[in-house]
Amino acid sequence: MFLPHTIYLSPVLNAYLQKLSESVFSKIRYLEEVRIQIRYQPFSWFPHTTLGKRLNQAEMREAFVVMQNQFAPFTGEAVEIGLARTNPYRDLCKIKLK
């Protein structure tokens, strides 16, 4: 959880994801419209998928219970990575990985 209002899935950070982080950073670091905060730079990046955002306390408790009862480990493959601006949401770019 990102307390107090967000629940997310996080992969195991392995060599593939670390290399992907470094590769993406090398491509976006020179874009004028992008200001990269420290937490998105290699070795600080926290890859995740947001499941719920701006949840109140009851919703957070319910989401946590659902995840505990229904989640099972799985494997997957990244096929696309994107960069977006938030508040309001706007896609800046998307890169197909394969």
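Predicted model, so just to flag it, every value in this text is computed and none were measured. Every heavy atom of this structure was used, including side-chain atoms; hydrogens, water molecules and symmetry mates were not.
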Inset, instruction - Answer yes or no: does atom CD of Q57 have more than 12 heavy-atom neighbours from other residues, nucleotides or ligands under 6.0 Å? - result: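 No, because the 6.0 Å sphere around CD of Q57 holds 12 heavy atoms or fewer from other groups.
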
Legend entry - Flag if over 12 foreign heavy atoms under 6.0 Å of OH, Y30: no

Legend entry - Chi angles and distances behind the side chain to side chain contact (heavy atoms under 4.5 Å, CB included) call for V79, L97: CA-CA 5 Å; V79 296; L97 300 175; 5.7 Å; no

Legend entry - salt bridge (charged side-chain N to carboxylate O under 4.0 Å, His left out) contacts touching residues 73-83 (sequence neighbours left out): E77-K98, E80-K96

Legend entry - pair F71-L9: side-chain heavy atoms closer than 4.5 Å: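 Touching, per the 4.5 Å side-chain cut-off.
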
Inset, instruction - With sequence neighbours excluded, give me every side chain to side chain donor-acceptor pair (under 3.5 Å) pair touching residues 1-24. - result: Q18-E22, S23-K27

Legend entry - Nearest atoms (heavy-atom pairs only) where P11 meets L17: CG-CD1, 3.5 Å

Inset, instruction - Return the minimal non-hydrogen interatomic distance between L55 and A63, and the atom names on each side. - result: CD1-CB, 4.3 Å

Inset, instruction - Would you give the length of the straight line joining atom CD of E62 to atom CG of N56, rounded to the nearest 0.5 angstrom? - result: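 The CD atom of E62 sits 9.5 Å away from the CG atom of N56.
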
Legend entry - same_hphob_cluster(M60, F64) at 4.5 Å side-chain heavy-atom cutoff: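 Yes: a chain of side-chain contacts under 4.5 Å links M60 to F64.
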
Inset, instruction - Verify side chain to side chain contact (heavy atoms under 4.5 Å, CB included) between M67 and L51, making sure each step is shown before the conclusion. - result: CA-CA 10 Å; M67 289 303 300; L51 300 175; 3.6 Å; yes

